[in-house]
Amino acid sequence: MTKARSFLDAIGLNSLSQAKKETLIQMTILSVACILAFSARLFSVLRFESVIHEFDPYFNYRTTKRLVENGYYDFHNWFDDRAWYPLGRIIGGTIYPGLMVTASCLFNFLNFLNITINIRNVCVFLAPLFSSFTVIVVYFLTKEVKNDGAGLVAASMIAIVPGYISRSVAGSYDNEGIAIFCMLLTYYLWIKATKTGSISWSLLCALAYFYMVSSWGGYVFLINLIPLHVLTLMITGRFSHRIYVAYSITYSVGTILSMQIPFVGFAPVETSEHMAALGVFGLCQILAFVNYLQANMSPASFNVLFRGVMTIGLTAAGLSFGIASFFGKIAPWTGRFYSLLDPSYAKNNIPIIASVSEHQPTTWASFYFDLQLLVFMFPVGLYYCFRELSDANIFVILYSVTSIYFAGVMVRLMLVLAPIMCIMSGIGISTTLSTYMKNIDSGEHVPATVKNKKKAADYPIKSEIATVMVTIIAIFLTTFVFHCTWVTSEAYSSPSIVLAARGHDGNRIIFDDFREAYNWLKFNTPEDAKIMSWWDYGYQLTAMANRTILVDNNTWNNTHISRVGQAMASPEEHSYTIMKELDVDYVLVIFGGMSGYSSDDINKFLWMIRIGGSTPEGAHIKEGDYYSSSGEYKVDKDASDAMHNSLMYKMCYYRFGEVMTEQGKPTGWDRVRNQEIGNKDFELDVLEEAFTSEHWIVRIYKVKDLDNRGNK
Amino acid sequence: MVSASGAPSMVEVISRLVSEYASKTPQKLKLIDAYLGYILFTGIFQFIYCCLVGTFPFNSFLSGFISTVASFILGVCLRIQTNPANVAVFKDISVERAFADFVFAHCVLHLVVLNFIG
């Protein structure tokens, strides 16, 4: 101990007061956590290059480029005729602009300071930057709920927790990257507002809510959680003037702010998802008025007044709500949110929502994979919150319970669960540690007052047990760090547009087929060429190849996607009529049989069949026709005729029958399905092969013109 | 409403409420209450007009109506925070701070309303 003292003396730290020492430690820990949050997300940039990942970020990148080049007015009014041919898409009114505006503001600010960073790099590194900000907000939020020790633990955990990293890694330029920051900022300001009851904090909360609405569709969660909190406070008798001020201002100013986003429009007053907030707002006014009357009148007279007004008021409210719902003034819950309440709804009714892999229910393995230690420390934190109930604690309890439910319904919402898990675990670990650290006998004699001695429970070998507990928690935290780093490195750092594998001799093989093919399209096709592909690749095609496409990841028009699905699944002649109707020039498919890439179009083919058959024009497409006679999904000799003759099969396996892919297997061996393809030697009648990438992952075909003389 | 013996009737309650309000409330709060009454009247008037004439353009109606609602709420909050009876609840908020917050909130509110009114 004395050696440590003399060291601290030497660097001049021992002369600081206790408060200053604490501040120094807090600032150091927070800065390290922020830097850690940024660096942990850089694996893919170090392994590959600074490139935008996945599919959705390419759309966001394209719109950000447009915003930076053409200004906000052009961006707001942009009608995109290069997507969803021939329908087009009103981009200005159908996106959440927060992400693009944030990136372009940052870009303009940096360029104003003459730090000339490319817009692509700003986009790639925006999510890690905002995760550093999230670390700071989580610290302040947990500090409000519990104390700053819990805040520091929670901040350190949110820096590396895989559930959050998965959607905010460098290159993942998506709404969630900034939405989590906005959400936690709104919650922090809300808790501050309920604690102080001041108008300015509530106003700041409304402004943060506006930022949240502009960044992500998940703002619906906020606008239901905050009223739920207020309702719980009312039921538990904690409703006070502060809550009234906080909620009324947040709701009224927040609502009119949220309607400024064109995509949200009038939804806050028309849809069922926002009605709870409106209801609680009305209830707030009534309750406040009732409290005011109660304070100024005798109980007897109050009762008379109360009963009279209650009967009139309730009947009026019930009637008006019933009439409004009956006449359809209040829209029912939309499909995407309704499927959160009734998980089987999407599977039975809307195949597009059901087919997205992010919308599947979460497995137990995912919970442990994304959260590890937090799964176990979360109930501990919950217990400590229940022990000292306060307004802020009730809020975090509600937040955690609701987000656990939603994370269980949809794997994508694990992201919403991760921060609250960190907060709860931070509370749990910090309280446990402070309980046991007090008992460790370090050999120093701290004067203990008589009062303290009486209160502390006395049991044998107190100090030893405390040391053991602290060591156990230290081991837990260490394994947590190792797990998080491993998960980030292995699972969440793949750019998806560039793939890597190990060859036979251990060297790294890079599969850059996607960008090769998109660039081929960009330089070798006419400017107004129309490309047909499955909707997954739409955003990447418009951003990199810069050509007009038929359907993309926005999936707003199910009929159009169904038409493309019919074209893919029908035999060549029928597909040709559909493709000519849609003015298609080139068709693009992803094929993994040669390289072993398993997310290819043949694996997605079943979904194309289902979606294609779900509209009236696709009545000839029945899922059962595409299975083999034994009812399995096969591509070899046993596959059905419909499968062999479909356009997708022919496009994927054209000339594949001559290729030897593996030693000891026949030619035409599909490495993903592990089958030898059935129909090897065929010619294409309506298409001609235009381009196949190096590892055959992307294959592009040109649609032949109509015959010159009209006969075959 | 006919009352049981001993309990006051509705008319008595309301008249007593009005007379107590007139005598016991401080002058400043009555001023705020008059302002609140005026805003309430504006809001009701807008709503009736919308019911008569129809909701097009809806954004103009919404921005005007929400402007009255939010101004009313801000007025009520100012009244709550400056009421001498509530000093225990709002320990850190002086009357001057309450009024400054009130003005700041109105600035932001009317900026948004101006943007939305179309």
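Side-chain atoms are counted along with the backbone in the values below, which use heavy atoms only and exclude waters and symmetry mates. In what follows, every chain begins at residue 1, and chains take the letters A, B, ... in the order their sequences are listed.
For B:V112, the parts lying near chain A are the backbone and the side chain together; criterion is any non-hydrogen pair under 4.5 Å. Interface remark: A:L203 contributes side-chain atoms only to the contact with chain B (heavy atom separation under 4.5 Å). For B:V89, the parts lying under 4.5 angstrom from a heavy atom of chain A are both the backbone and the side chain. For A:S202, no part lies near chain B; criterion is any non-hydrogen pair under 4.5 Å. Interface residue B:V76: only side-chain heavy atoms are found under 4.5 Å from chain A. If you measure heavy-atom distances from A:S240 to chain B, you find no contacts under 4.5 Å at all. Neither the backbone nor the side chain of A:F210 has a heavy atom closer than 4.5 Å to any heavy atom of chain B. Only the side chain of B:F90 comes within contact range of chain A, with at least one heavy atom under 4.5 Å from a heavy atom of that chain. Contact of A:F281 with chain B is made through the side chain alone, with heavy-atom distances under 4.5 Å.
Two residues are said to be in side-chain contact when any heavy atoms from C-beta on lie closer than 4.5 Å; A:L233 and A:H229 meet this criterion. Side-chain atoms of B:I73 and A:Q285, non-hydrogen and from C-beta on, do get closer than 4.5 Å to each other. No side-chain heavy atom of B:E20 sits under 4.5 Å from any side-chain heavy atom of B:T25.
When only modelled atom types and interatomic distance are considered, A:Q260 and B:N115 share a side-chain donor-acceptor pair under 3.5 Å. Side-chain atoms of A:Y244 and A:N291 include no donor-acceptor pair closer than 3.5 Å. With 3.5 Å as the limit, one finds no donor-acceptor pair spanning the side chains of A:S198 and A:R242.
Ranking B:C77, B:A70, B:A100 against chain A, the residue ahead of the rest is B:C77, based on heavy-atom pairs under 4.5 Å.
By the 30° and 60° cut-offs, the orientation of the rings of A:Y187 relative to A:F395 is perpendicular.
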